[in-house]
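Throughout, a chain's letter reflects where its sequence line sits, starting with A, and its residues are numbered from 1.
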There are 2 protein chains.
Amino acid sequence: MAAEKHEPPALSPTEWEVMKVLWERGPLAARDVFAGLPRDARGKPVHDWAYRTVKTLLSRLVAKGALDYEQVGNSYLYRAAVAQEAMARQEVGGLLDRLTSHTGAAGRKVVSTVLAQFLGDAELSDDEVRQLQAALERNRRAAPGKPPRRGGRSK
Amino acid sequence: MAAEKHEPPALSPTEWEVMKVLWERGPLAARDVFAGLPRDARGKPVHDWAYRTVKTLLSRLVAKGALDYEQVGNSYLYRAAVAQEAMARQEVGGLLDRLTSHTGAAGRKVVSTVLAQFLGDAELSDDEVRQLQAALERNRRAAPGKPPRRGGRSK
DNA sequence: GTCATAGGACTACATTTGTAGTCGTTGTGT
DNA sequence: ACACAACGACTACAAATGTAGTCCTATGAC
């Protein structure tokens with residue numbers, strides 16, 4: 001009951017961009033986060049953000065509890081305080097909920113069709129395909145009948 | 001070149017809720033959209049919105065081009081002007097992009113793991129499971145090797 | 001010890017979103 | 001015709017988000 005590790009703070013799209021840098025490269029100073037932002041093939045930054053902007057995002061992320069930091073010299077070393085997987089789960093769950101909650105079979109079908117399109121076109125490694133296939137297999141064994149049951153809320 | 005049917009207007013979560021009513025029940029007057037909002041088992045509205053709020057959302061959706069309307073008597077009959085599938089595709093695509101763009105294999109793996117969890121736990125009908133399995137099969141045949149290729153940009 | 005500077009804290013401001021309220025108009029019942 | 005109820009148009013306002021700027025301080029170079 002005491003553990004309230006759930007409901008992480010919901011990241012905005014730009015905040016995700018910053019978090020991805022930290023999840024991939026580990027703890028970094030603000031300068032290095034800035035430098036680590038994605039660039040296109042020609043080396044041009046994908047996001048045209050001022051350094052200040054990144055600083056603001058880092059501060060907001062600390063305020064949200066998504067990052068914490070450690071002072072090192074005159075600057076902070078920022079480090080992800082939430083797991084990428086937890087955030088990804090939250091986003092995906094939120095989306096599926098938005099798209100399907102309180103919707104009849106038709107609405108759910110639309111979503112599953114769209115999902116199928118993405119799964120068919122995505123660039124997936126063989127391992128990923130196998131992982132997803134296994135998940136569907138598991139689903140099938142768990143839900144013998146077809147009638148869509150009220151799903152397991154992990155709450 | 002002339003056809004610019006793409007890039008529909010991105011709906012906020014509350015706007016989705018309104019659109020779902022119209023997609024499911026077809027053209028409705030504001031009153032009926034309001035009345036058609038989801039309710040829980042005990043008949044209590046899931047969203048505690050004032051009628052005005054719904055009116056505001058309908059207006060914004062018209063402004064965004066997601067709805068259009070036809071005057072009928074003294075009121076408007078609102079009708080979805082964008083397909084649910086198109087919007088769902090946009091949302092799913094946007095999410096996958098946010099979570100995986102400019103990310104290495106590690107980031108993509110996290111997402112595929114999360115997806116697998118949802119696919120395993122979701123309440124899917126047998127048909128939906130088959131549809132998704134077929135999509136993965138298709139993916140497999142399309143991408144013989146494993147190296148994640150640059151995906152098909154539909155532009 | 002002094003001074004330039006990188007860095008963090010605080011401030012700024014337009015837009016979008018969530019949530020409504022006010023007001024004037026128009027159709028409706030009598 | 002008249003009064004009123006229902007509608008839609010316009011207005012309101014706080015929080016979140018995208019995008020930065022200002023300013024003070026601790027740090028490091030001499």
Side-chain angles (χ1 to χ4, degrees), chain A residues 7-22 27-38 45-79 87 90-91 94-95 97-98 101, chain B residues 7-21 27-35 37-38 45-79 87 90-91 94-95 97-98 101:
Chain A
E7 55 181 310
L11 307 176
S12 75
T14 48
E15 287 167 347
W16 260 90
E17 219 52 50
V18 169
M19 291 300 292
K20 282 190 290 186
V21 173
L22 284 158
L28 295 175
R31 278 286 161 202
D32 300 320
V33 172
F34 181 63
L37 287 172
V46 172
H47 309 285
D48 212 23
W49 296 335
Y51 171 65
R52 302 307 185 165
T53 299
V54 175
K55 286 285 342 249
T56 298
L57 292 171
L58 288 169
S59 299
R60 286 182 182 170
L61 285 165
V62 168
K64 283 187 176 184
L67 294 179
D68 61 23
Y69 58 85
E70 172 191 358
Q71 184 128 25
V72 172
N74 62 336
S75 72
Y76 289 174
L77 191 64
Y78 292 94
R79 175 180 36 194
M87 297 313 290
Q90 183 185 265
E91 291 281 351
L95 179 66
D97 195 65
R98 243 176 300 141
S101 68
Chain B
E7 56 181 309
L11 307 176
S12 75
T14 49
E15 287 168 347
W16 260 91
E17 218 53 50
V18 168
M19 291 301 292
K20 282 190 291 186
V21 173
L28 294 174
R31 278 286 161 200
D32 300 321
V33 172
F34 181 62
L37 288 172
V46 171
H47 310 284
D48 212 22
W49 296 335
Y51 172 64
R52 303 308 184 165
T53 300
V54 175
K55 286 286 342 249
T56 299
L57 292 171
L58 287 169
S59 299
R60 287 182 182 171
L61 285 165
V62 168
K64 283 187 177 184
L67 293 180
D68 61 24
Y69 58 86
E70 172 191 357
Q71 184 129 24
V72 172
N74 61 337
S75 70
Y76 288 173
L77 190 63
Y78 292 93
R79 176 181 34 198
M87 296 314 290
Q90 182 185 264
E91 291 281 350
L95 179 66
D97 195 65
R98 243 176 300 141
S101 67

- [ ] Of all the heavy-atom pairs spanning A:Trp16 and B:Arg98, show the shortest one and how long it is.
- [x] CE3-O, 4.3 Å
Given atom [atom1] of [X] and atom [atom2] of [N], what is their separation to the nearest angstrom?
X       : N      : atom1 : atom2 : result
A:His47 : D:dT17 : NE2   : P     : 17 Å
B:Lys55 : C:dG18 : NZ    : P     : 18 Å
A:Tyr51 : C:dA9  : OH    : P     : 11 Å
A:Leu58 : D:dG18 : CG    : C1'   : 15 Å
A:Phe34 : C:dG7  : CZ    : C1'   : 14 Å
B:Leu28 : D:dC7  : CG    : C1'   : 16 Å
B:Glu70 : D:dG8  : CD    : P     : 13 Å
B:Asp32 : D:dA6  : CG    : P     : 14 Å

TODO: Could you say whether A:Leu11 or B:Ser75 is positioned toward the 5' end of DNA chain D, judged by the nucleotide with the nearest heavy atom to each?
DONE: B:Ser75
Report yes if the side chains of [X] and [Y] come closer than 4.5 Å at any heavy-atom pair, otherwise no.
X       : Y        : answer
A:Leu67 : A:Arg79  : no
A:Glu17 : B:Ser101 : yes
B:Val62 : B:Tyr78  : yes
A:Val18 : A:Glu15  : no

Open item on the list: Ring of A:Tyr51, cation from A:Arg31 - is the NZ or CZ under 6.0 Å from the centre and inside 45° of the axis?
Closed with: yes
So, is [X] close to the [N] phosphate, meaning a side-chain N or O under 4.0 Å from OP1 or OP2?
X       : N      : value
A:Tyr76 : C:dA9  : yes
A:Ser12 : D:dG18 : yes
A:Lys64 : D:dT17 : yes

- [ ] Determine, for nucleotides 19-30 of chain D in 5'-to-3' order, which nucleotides have protein heavy atoms under 4.0 Å from the base (write B), from only the sugar-phosphate (write S), or from neither (write -).
- [x] BBBBB---S---
Task: With B:Trp49 via side chain to side chain donor-acceptor pair (under 3.5 Å) - residues at least two apart - done: none
